[in-house]
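Ligands are counted one by one from 1 in listed order, and the atoms in each one are counted from 1 as well. Positions are given from 1 along the sequence.
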Amino acid sequence: MTEVPRLAQVALDVPLPGPFDYRVPDSMAMPAIGQRVVVPWGKRRLVGLVQARPRATEFAPERIRPILRILDEMPALPASWWQLVEFAAAYYHRSAGEIALPALPKPLRTVPGSRSRDPVSRWRKRFDAQPRSTALRPTPRLTDAQRQALEAIADARGFAPFVLHGATGSGKTEVYLGWFTRVLQDPGAQVLLLVPEIALTPALVALVSTRFPQERICVMHSGLPDALRAAHWLAAFEQRARIVVGTRLAVLTPLPGLAAIVVDEEHDPSYKQQEGVHYSARDLAVTLASQRRVPVVLGSATPSLETWNAVRRGRYRLLGLPERIEGAPLPKVHVIGTRQLNLRHGLAPAAIEAIAARLQRGEQSLVFLNRRGFAPVLCCPACGWLSRCDDCTAYRVLHRARGAGVGPAAHFRLICHHCGRDARVPRGCPDCGNVDLQPLGRGTQRLEDALKELFPEARIARVDRDIARRRGETERVLTAAHAGELDILIGTQMLAKGHDFRRLSLVVVVDPDAALFAADFRAPERLFATLMQVAGRAGRSGIASEVLLQTRYVDHPLFAALAAHDYEGFAARLLADRRQAGLPPFVHQALLRVEARTLDAALEFLKAAVAESDVCTRQLNLPQDVLTRYDPVPMPLMRKAGQERAQLLIESGSRPALHRHLESWITRLRLLKPAVRWQLEVDPIEI
Ligand code: ADP
Ligand code: ZN
Ligand code: ZN
């Protein structure tokens, strides 16, 4: 080590273990920890964050490059924020820079042009110029159950994790808002409300702002334009906004006054980040609460088994809202066996009759099919050709192209949902020339056609990710649905979440069976949660309502639990199965994933990784049986976008043992220099 008087360690978003040493030129003031700086990186310049100011370096002082510029238009990021970043970095085995920089709005992590003025003051003005809500809506009188839950939460001091378990429509949101009202009586306080989907933010923000007309709400999600997101982020950081509503990335907003955290629909897989560092915003929210010593509420009708197990072990405190508001009954669930039935367009006669009855009564129906597109595959009946993707181990899905008419005039494309490749439909079978190619199975577009044919007089609309890609379209459909201007809604799980349709009295679930037998052990848990949610759309305003569930497996226990609205029984059984099988939450997992040009290269890398893991286990003196390592295997979706993929699962009943192993393993893996891309995922939710 050499002593160097003016040294700074800078966190950068690069895939190397940082932080990196830089020199502070004599002409420059010493930057504070948490300040943004511009530094040279190879031939490029990058924005980084000062993470530490050591006195000595292990590098030759003459090789240490200087900081080029301090970006000081805004205050340094606070220590409380670094604490969460550093926890996440350690837990997910990445550098602090890989967590910290992507958490900043893009303009704040982009090197500003040398002459451009920093736009920070413009963002400040922009946020502060937003009108506040004028339409004050009063809080409803809370029910006894809501009041009890609220009192328990509001009485808590310090770190206190709660699970608010209540059926859809039981009034969880009012409990959150009641809590916020109390917390925000302290003028310095800030509250954070996480939601799983961007699509849920507008309605929620509208509700929140009518309850807190004096506040400007900070909204944080990836759908905001860069400058607007920066304006909101800065307002939260500078405490000009006291209420933050956002999706998973909002958990990494610096909130100096943080006093209350809510994670709504905490079971939702969307809380797991799927790019860059795969963090769980739900888990980080709990860590954040513990670091900041504040209560956190995890709300759900179907808590994740991880959370439910924490309740059973007494780590989280359970609060229940046993009934729907105003005694609205939960929908009656009928399971319809489809094996012996003559389906019309995939719909059972009872389902068609039920929709017709709703039409007559002026009530709404929701038809749920979790598969977008027209048909999942195109086939040649003559020779058996199927529309496989050239680049993935998957089929290209037949889609009706946008604005291209219906029926025979429609124009179709074949789109791969994994790599996005979009191809024309061949005129004839590529193998045998047969021109009579047939769609196989059914997606939401085809279902929409069918319903239009069956009910020509009905007002019908669809909501799925294809619709969501058209700007404003989802909101338009949802507004129409809320206003009662639609009779039949067709949709994927996008429609299952959070919406409160007043006239909806029927939910038809079409073909949920694939998820019953999926390879992923979490599939039944997910399916149950999704079906509970979609069923929960019905009968929220008190009209008698029903759910018709079409399946080939009428006796499956999942459907019996659903019909009985029995989350607890179902969760208890799944947990018993998981314990028996040695699966999470009873073990902790990490997954090493590789992508390479050939499967051999991918598996070769994993074999080398196994050898490295052996070395680590020996060096760390870990007992033989504390870690379980599975064989390297191709991933379920083996080829994606032309890359061959394989994975290696490693697990342990002891989280500390697993993480000690990962720590030293990662260091060794970085020294292997193969031509593959790899990533370690901690607590994977898809295997
Ligand atoms: P959840 O979040 O549990 O699904 P919500 O909070 O959305 O339920 O509540 C369902 C509906 O009941 C909403 O329209 C809400 O405005 C209304 N509501 C909630 N609490 C009360 C109450 N105490 N009195 C009257 N209406 C209420
Ligand atoms: Zn053919
Ligand atoms: Zn593909």
Please state which part of [X] comes within less than 4.0 Å of ligand 1, counting heavy atoms only: side chain, backbone, both or neither.
X	result
Arg141	backbone
Ser170	both
Ala301	neither

Is any side-chain N of the basic residue among [X] and [Y] closer than 4.0 Å to the acidic one's carboxylate O?
X	Y	value
Glu681	Arg593	yes
Glu174	Arg147	no
Arg182	Glu151	yes
Asp391	Arg639	no
Arg462	Asp464	yes
Asp511	Arg371	yes
Arg358	Glu546	yes

For [X], take its heavy atoms, then give the atoms of ligand 1 lying under 4.0 Å from any of them.
X	answer
Pro140	21 (C), 22 (C), 24 (N), 25 (C)
Arg502	14 (O)
Ala167	3 (O)

Between the candidates [options], which shows the shortest non-hydrogen contact distance to [atom]?
atom	options	value
atom 5 (P) of ligand 1	Gly171, Gly299, Gly178	Gly171
atom 20 (N) of ligand 1	Gln533, Arg324, His165, Gln146	Gln146
atom 25 (C) of ligand 1	Thr173, Ile325, Asp144, Thr168	Ile325

- May I ask you to check whether Gly166 has an N/O atom sitting below 3.5 Å from an N/O atom of ligand 1? no

- Message: Less than 6.0 angstrom separating the ring centers of His399 and His417, yes or no?
- Response: yes

- Message: Which heavy atom of Leu321 sits nearest to which heavy atom of Ala149, and what is that distance?
- Response: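 Minimum heavy-atom contact is CD2-CB, 4.4 Å.
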
- Message: Per the side-chain hydrogen bond (donor to acceptor under 3.5 Å, both in side chains) rule, what does the pair list look like for residues 189-206, sequence neighbours excluded?
- Response: Glu197-Lys497

- When rounded to the nearest 0.5 angstrom, what distance separates CG in Leu504 from CD in Glu363? 9.0 Å

- Item | Rounded distance [0.5 Å steps], CG in Leu414 versus CG in Asp422 |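 Going from the CG atom of Leu414 to the CG atom of Asp422 covers 8.5 Å.
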
- Within a distance under 2.8 Å of the Zn ion (ligand 2), the protein atoms of type N, O or S are Cys380 SG, Cys383 SG, Cys429 SG, Cys432 SG

- Message: What count do you get for protein N, O or S atoms closer to the Zn ion (ligand 3) than 2.8 Å?
- Response: 4

- Sequence neighbours excluded, which residues qualify as ring-ring contact (aromatic ring centres under 6.0 Å, His included) partners of Trp308?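 ring-ring contact (aromatic ring centres under 6.0 Å, His included) list for Trp308, sorted by chain: His165, Tyr567.
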
- Task: Look only at the side chain of Glu525 and the backbone of Leu305, and say whether a donor-acceptor pair between them is shorter than 3.5 Å.
- Result: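 Yes: the side chain of Glu525 pairs with the backbone of Leu305.
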
